[in-house]
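Please read the structure below before turning to the comments.
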Protein chains: 2
Amino acid sequence: MLTRIGTVSEPTPGLSGEQLGAYFSLMEVSSFLQYAVEDQLRADGDLSYVQFQILARLVDAPDGRLRMTDLADGLVYSRSGLTYQAGLLDKRGLITRSPSPDDERSVIVSVTGAGRDVIALVMPGHVAGVRRLLFDAMADSDLAALGGVLGRVRDHMRAVPPRSAKPRAKRTRGN
Amino acid sequence: MLTRIGTVSEPTPGLSGEQLGAYFSLMEVSSFLQYAVEDQLRADGDLSYVQFQILARLVDAPDGRLRMTDLADGLVYSRSGLTYQAGLLDKRGLITRSPSPDDERSVIVSVTGAGRDVIALVMPGHVAGVRRLLFDAMADSDLAALGGVLGRVRDHMRAVPPRSAKPRAKRTRGN
DNA sequence: TATTGTTATACTCTATAACTATA
DNA sequence: TATAGTTATAGAGTATAACAATA
């Protein structure tokens, strides 16, 4: 697939066949998985994946409350995107939003009972789908290996500066 | 995150902590990677990821030609989506489309020289990005393990019937 | 001035259904 | 009748920039 370029000096070394295969597998597996998961969430709970993640994070949070900024972190690449998705959840009564007493600029998002119900409704199918597609094909040793490598890669990605490293600006990934 | 539900009889067994961690890592890694890749392709060649894949497949194909149906397979979940993206590439002169002589219903897509140029332009940055984000964090043993597991998972996913298995219809994923 | 969040807007992409044409 | 592909259309999601309010 033309991943080796350059002639003599190899300015940018290509990817090995093994790397290429792993990369392609990763892309195919993840896009397939994501498609299936989104399909299930939409069918069972009329939730987008972002909405699901918002609710899931809230359910896990103490008192079921988080600030918009906390929710945005890692979930979304623009603040307005989060506002949009939160607006939909709010409209459906699955979350509420209210100004924070501590910092009047902040908005505290809370899951409602209805929100918890939807997550509870959706979760069995979600888990079942992930198991069926992902884990049914894995031995125990596979699971351990996959978790290990991907955990390291995830940490690395979180640490690596973005490609177009903004000269001076904290670049929180979400602005 | 509420992945264990049911009380006594465990109707749907949850995911183990290890499975959950691997699943989350996979989703985070892949979404981050995909975002970065799309960003690079857009910046360097004004290509969407689907467009990139179309061109890449064509460049790899004998004579740089494939039928629309061949391109659709695995790439896209609706035929019209492919027509749309191919239309954009056509408009830019990166591909051409012409009726197949063998089967007048089919359309043969061919990469143009300009199309090959764009791929050549974009590829170094693409490869560099994948290496930087994905492989720089991996030991050789990691690579082997990852490739192995994901290859098996990919094969499994290709074989597993879709969730809402259509009672009778070949369900080629793309219609 | 920097941060938090919303809004308006424009744009990209996707999917469904209806349709044409060929096998 | 089934297959290959396009088109029309509608909807979902995203990002940028301008904005208001608070720190």
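Letters go in sequence order (proteins before strands), and every chain restarts at 1.
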Would you say the base of [N] and the side-chain of [X] have a donor-acceptor pair closer than 3.5 Å?
{"X": "B:S48", "N": "C:dT12", "result": "no"}
{"X": "B:S106", "N": "D:dA4", "result": "no"}
{"X": "A:S80", "N": "D:dT16", "result": "yes"}
{"X": "B:T69", "N": "D:dA4", "result": "no"}

Practice prompt. For the pair A:F52 and A:H126, name the ring-plane relationship: parallel under 30°, tilted 30 to 60°, perpendicular over 60°.
Written response: tilted
Just the rounded figure in Å: distance from [atom2] of [N] to [atom1] of [X].
{"X": "B:R67", "N": "C:dT22", "atom1": "CZ", "atom2": "P", "value": "17 Å"}
{"X": "A:L41", "N": "D:dA12", "atom1": "CG", "atom2": "C1'", "value": "15 Å"}
{"X": "A:D39", "N": "C:dT14", "atom1": "CG", "atom2": "P", "value": "15 Å"}
{"X": "B:Y49", "N": "C:dT14", "atom1": "OH", "atom2": "P", "value": "13 Å"}
{"X": "A:Q34", "N": "D:dA12", "atom1": "CD", "atom2": "P", "value": "18 Å"}
{"X": "B:R79", "N": "C:dA17", "atom1": "CZ", "atom2": "P", "value": "16 Å"}
{"X": "B:L75", "N": "C:dT14", "atom1": "CG", "atom2": "C1'", "value": "14 Å"}
{"X": "A:Y77", "N": "D:dA17", "atom1": "OH", "atom2": "C1'", "value": "21 Å"}

Practice prompt. Using a strict 4.0 Å threshold on nitrogen-to-oxygen distance, state whether B:R65 and B:D63 make a salt bridge.
Written response: no
Worksheet entry | Lys/Arg-Asp/Glu bridge criterion (N-O < 4.0 Å) met for B:D70, B:R67 | yes
Closer than 4.0 Å, any side-chain N/O of [X] to the OP1 or OP2 of [N]?
{"X": "B:Y84", "N": "C:dT16", "result": "no"}
{"X": "B:R42", "N": "C:dC13", "result": "yes"}
{"X": "B:Q85", "N": "C:dT14", "result": "yes"}

Heavy-atom check, side chain of [X] versus side chain of [Y], under 4.5 Å:
{"X": "A:L94", "Y": "A:R116", "value": "no"}
{"X": "A:S48", "Y": "A:R42", "value": "yes"}
{"X": "B:R92", "Y": "B:Q51", "value": "yes"}

Item to complete: Kindly give the cluster partners of A:L88, where membership spreads through any ILVMFWY side chain lying under 4.5 Å from a current member.
Response: A:Y84
Worksheet, complete the sentence: The answer to which of A:L47 and B:M68 contacts DNA chain D further toward the 5' end, by nearest nucleotide, is B:M68
Discussion item. Between B:D70 and A:G81, which residue's closest nucleotide on DNA chain D lies nearer the 5′ terminus?
Written reply: B:D70
Item to complete: Identify, residue by residue, the members of residues 92-105 of chain A with a heavy atom below 4.0 Å from DNA chain C, and return them in order of residue number, or none.
Response: A:R97, A:R105
